[in-house]
Amino acid sequence: MLEIKNLHVKLEEEDKAILKGVDLTVEAGKVHAIMGPNGSGKSTLSYVLSGRDGYEVTDGSATLEGEDVLGLEPEERAAAGLFLAFQYPVEIPGVGNMTFLRSAVNAQRKARGQEEMSSSDFLKEIRAKAKDLQIGQEMLKRPVNVGFSGGEKKRNEILQMAMLEPRLCILDETDSGLDVDAMKLVAEGVNALRSPDRGFLVITHYQRLLDHIVPDVVHIMSNGRIVKTGGPELAREVEANGYADFKETV
Amino acid sequence: MALLKPKAPEPRALEIAEARIDALTLPEGGWAEPARRDALARLRADGLPIRRDEYWKYTKPDTLTAPEAPEAATFDAGEPPVFDAFDRLKIVFVDGVFDAEASDDLALEGVEIERLADSRADIHWAKDVYGQLEARGQSPVKRPLATLNTAFASDGILVRVTGKPSKPLSLIYHHEATRSDAILHHVVKVEEGAEVTLLESGPAAARFNKCMEVEVADTGTFRHIRAQGRDHERRAVTHIFGRLGRESVFQSFTLTANGVLTRNEVVLELTGDNAIAHVAGACMGDGDFHHDDTVFITHDAVNCESRQVFKKVLRNGAVGVFQGKILVEPGAQKTDGYQISQSLLLDDDSTFQAKPELEIYADDVACSHGSTSGAIDEEALFYLRSRGIGEAEATNYLTLAFLAEAVQEIADEDLQAEIVERISAWLFRRQAR
Ligand SMILES: Nc1ncnc2c1ncn2[C@@H]1O[C@H](COP(=O)(O)OP(=O)(O)O)[C@@H](O)[C@H]1O
Ligand SMILES: [Mg+2]
């Protein structure tokens with residue numbers, strides 16, 4: 001589904017290489033986790049995949065279902081089925097959460113040549129999904145992420161993911177800043193979306209999220225490269241010994 | 001308060017005034033004649049604004065002071081007129097001439113409405129206001145285009161609010177002739193405890209000089225929502241002079257989209273304790289567009305509140321100007337003064353000039369002012385785009401969000417929604433082009 005080959009990325013503004021040859025394949029129906037120390041390039045990978053400005057791809061490729069994503073605009077990538085749950089969701093004063101989500105859903109449908117969702121269908125669906133994530137009406141009416149707690153912001157990301165039904169979900173440190181209950185809620189939201197035709201890339205610094213979202217494959221990223229790949233046991237190894245072991249392999 | 005010696009007017013300012021006066025006829029007779037003659041004398045003494053005037057540093061007055069109006073094509077935005085769906089009392093002017101056919105019956109409970117051009121009776125309540133508030137507003141800064149208006153206004157309405165009329169009064173200004181030059185003067189007196197909402201909409205003329213004097217008595221409420229005409233080539237200079245009594249409320253909001261040149265001045269005096277004055281504006285400029293908000297609020301009583309909230313979105317070389325002042329007179333303790341002016345520049349060609357000022361002669365006051373000029377928030381833009389919303393649409397949302405603080409100054413939710421709808425339509429229509 002997602003195929004990243006020898007991806008090299010540097011900052012646009014300065015000569016600083018951040019990703020130094022990432023190879024990674026996520027198959028449909030699978031959950032891949034990327035773990036790694038701070039500063040290893042995990043967020044950069046997620047941003048480059050979703051099309052944020054400020055980075056330059058100097059080598060390599062990334063395709064989604066065989067289609068090159070790196071040449072697409074961010075909204076085209078979204079319409080192609082890529083979704084990033086941000087490590088730091090952005091506050092947008094003055095734009096209602098509900099209005100925002102509805103335009104997003106309909107913009108994607110339009111881009112795919114589908115009919116727009118009627119407002120009653122949309123309302124029905126968002127109410128049900130918000131309820132599962134314990135997101136109240138009041139939060140839906142508020143401006144996007146404004147005045148939300150850390151946990152509320154992360155749940156709001158998952159709500160967006162649930163509404164947009166992407167094919168590839170990238171979650172960047174969705175567990176950071178969450179207490180155990182909030183993390184369980186988020187994990188349930190993610191697990192509910194697991195399906196044979198959807199792939200996940202779960203980025204996390206700690207192993208604990210992976211107790212709730214059990215990955216099929218775990219990658220360790222260090223200094224801009226995937227340095228080790230294994231099964232869920234790899235995450236427990238990191239938990240026990242930290243990242244020191246892996247740094248040496250670089 | 002300012003101890004500046006009044007400067008003698010420049011000869012050029014006097015010449016321009018004489019040339020303008022020559023092109024006009026002073027309406028004669030009736031109760032307003034003394035006020036008109038007084039204004040004419042003041043105009044002759046002060047002259048009209050010239051480019052060198054400090055108060056016109058950011059806006060060229062030439063086309064507003066010229067003897068003839070520059071040509072302006074009319075423009076059909078292809079939308080139903082603003083406020084169309086609202087139950088309101090319509091008062092229509094075409095190129096500055098009252099249109100009785102198109103207007104509603106002016107009888108409405110709680111309010112007395114007359115035409116300035118009709119009102120020939122000797123004694124009239126409006127005598128105490130017409131030209132009076134305008135004359136008070138000439139210090140410390142001259143506003144000669146308002147003086148010209150007092151002298152030469154050909155029509156307008158006189159509104160005395162004695163109760164709480166059941167619907168808003170709606171002034172509708174149509175523009176038909178490409179060289180029309182309209183001068184309208186309105187007087188509004190809100191009596192004690194009375195309450196009124198006044199709507200204004202439309203381009204009015206190729207060139208529009210409008211002056212409105214508003215006296216709000218103790219405990220009276222005046223609400224004003226204006227949507228200036230969308231004709232691209234129209235020019236307007238407008239003045240609102242307000243005097244606020246004890247516990248009175250004055251709220252004015254203006255939406256400006258299009259128009260090659262607009263100068264909106266608001267001059268308010270808070271003379272009774274606990275009065276509240278809110279002045280706000282949202283403006284969208286694209287291309288050949290120059291918009292100037294000039295506001296002067298004087299606090300001369302205790303425990304009054306004033307707010308100025310102005311937001312401008314500019315692109316393709318559009319220019320925005322804000323000059324705003326809060327003057328707190330000695331003894332005006334517990335003044336709460338707030339002023340914010342911000343621009344969102346959608347490209348490098350557009351500019352925003354701001355001159356926020358505070359002048360405070362009382363010690364127990366809370367006044368703040370801020371002015372910023374910025375581009376679209378890239379983080380927010382990427383966030384929206386990453387959800388599938390296209391760049392242009394995402395920019396529209398962020399633009400709406402930017403304007404929201406000003407629009408929220410409109411107290412009535414339905415009117416607020418109507419204005420948001422207009423802004424939205426304007427943005428999305430442009431995106432489609
Ligand atoms: N826009 C940027 N400007 C400067 N440095 C950046 C930028 N983006 C990333 N970096 C640097 O790249 C490295 C990787 O960052 P990041 O991808 O955020 O790592 P992680 O998410 O694994 O903690 C860090 O050294 C970080 O400082
Ligand atoms: Mg990170």
Side-chain angles (χ1 to χ4, degrees), chain A residues 46-55 69 72-97 99-112 114 116 143-146 153 156-157 159-161 163-166 169-170 172, chain B residues 253 255 280 282-284 309-313 340 342-344 346 370 372 374-410 413 416-417 419-428 431-432:
Chain A
S46 69
Y47 284 144
V48 168
L49 290 175
S50 50
R52 184 173 145 138
D53 278 345
Y55 303 101
V69 292
L72 300 178
E73 297 295 335
E75 57 272 26
E76 294 170 332
R77 301 181 195 206
L82 192 141
F83 180 91
L84 167 65
F86 283 56
Q87 180 172 3
Y88 304 107
V90 182
E91 297 189 6
I92 309 184
V95 178
N97 213 7
T99 313
F100 155 61
L101 251 175
R102 204 161 127 212
S103 342
V105 166
N106 284 331
Q108 291 200 13
R109 288 184 165 230
K110 214 167 135 192
R112 295 191 201 113
Q114 297 164 340
E116 294 199 352
V144 181
N145 294 324
V146 176
K153 281 181 184 166
N156 200 33
E157 294 289 291
L159 175 66
Q160 293 170 37
M161 191 165 91
M163 289 301 293
L164 294 168
E165 300 178 332
C169 308
I170 307 172
D172 189 3
Chain B
F253 171 89
L255 173 69
C283 125
M284 289 111 69
V309 181
F310 287 89
K311 300 263 191 166
K312 294 175 165 49
V313 179
I340 186 146
Q342 295 181 312
S343 76
L344 174 61
L346 294 179
T372 62
I376 208 97
D377 178 349
E378 291 294 334
E379 288 275 319
L381 187 66
F382 173 63
Y383 190 72
L384 294 174
R385 294 179 71 188
S386 78
R387 292 334 184 209
I389 301 173
E391 184 172 10
E393 193 182 344
T395 302
N396 289 348
Y397 279 117
L398 296 175
T399 302
L400 270 171
F402 168 78
L403 295 172
E405 190 191 350
V407 179
Q408 280 157 10
E409 292 290 311
I410 301 172
E413 273 183 27
Q416 203 186 96
I419 295 297
V420 169
E421 189 56 43
R422 295 293 151 165
I423 295 174
S424 199
W426 188 90
L427 291 169
F428 284 89
Q431 181 199 316

Can you check side-chain contact (heavy atoms from CB on, under 4.5 Å) on B:Leu398 and A:Ile92, steps first, answer last?
-> CA-CA 8 Å; B:Leu398 296 175; A:Ile92 309 184; 3.5 Å; yes
Closest non-hydrogen atoms of A:Val95 and B:Ala401, given as atom of the first, atom of the second and distance, are CG2-CB, 3.8 Å
Engaged part of A:Arg52 at the chain B interface, taking heavy atoms whose separation is under 4.5 Å = both
Quick one: of B:Gly390, B:Ala394, B:Gly388, who has the most non-hydrogen atom pairs under 4.5 Å with chain A?
-> B:Gly388
Neighbour count above 12 (heavy atom, 6.0 Å) for B:Glu413 CD = no
One should read off an interatomic distance between A:Glu91 CD and B:Glu379 CD, to the nearest 0.5 angstrom, of 11.5 Å
Side chain / backbone / both / neither for A:Asn145 at chain B, heavy atoms under 4.5 Å = side chain
Closest-packed option against chain B by number of heavy-atom pairs under 4.5 Å, given A:Ser50, A:Pro74, A:Pro143, A:Pro89 = A:Pro74
Applying a strict 4.5 Å limit to non-hydrogen atoms, the region of A:Val105 in contact with chain B is neither
Rounded to the nearest 0.5 angstrom, the OH-CD distance for B:Tyr383 and A:Glu157 is 3.5 Å
Closest heavy-atom pair and its distance - A:Leu84, B:Arg387 = O-NH1, 2.6 Å
Please identify each residue that fulfils side chain to side chain donor-acceptor pair (under 3.5 Å) with A:Ser103, with sequence neighbours left out.
-> B:Tyr397
Pairs meeting criterion salt bridge (Lys or Arg N to Asp or Glu O under 4.0 Å) with involvement of residues 390-399 of chain B, two or more places apart | B:Arg385-B:Glu391
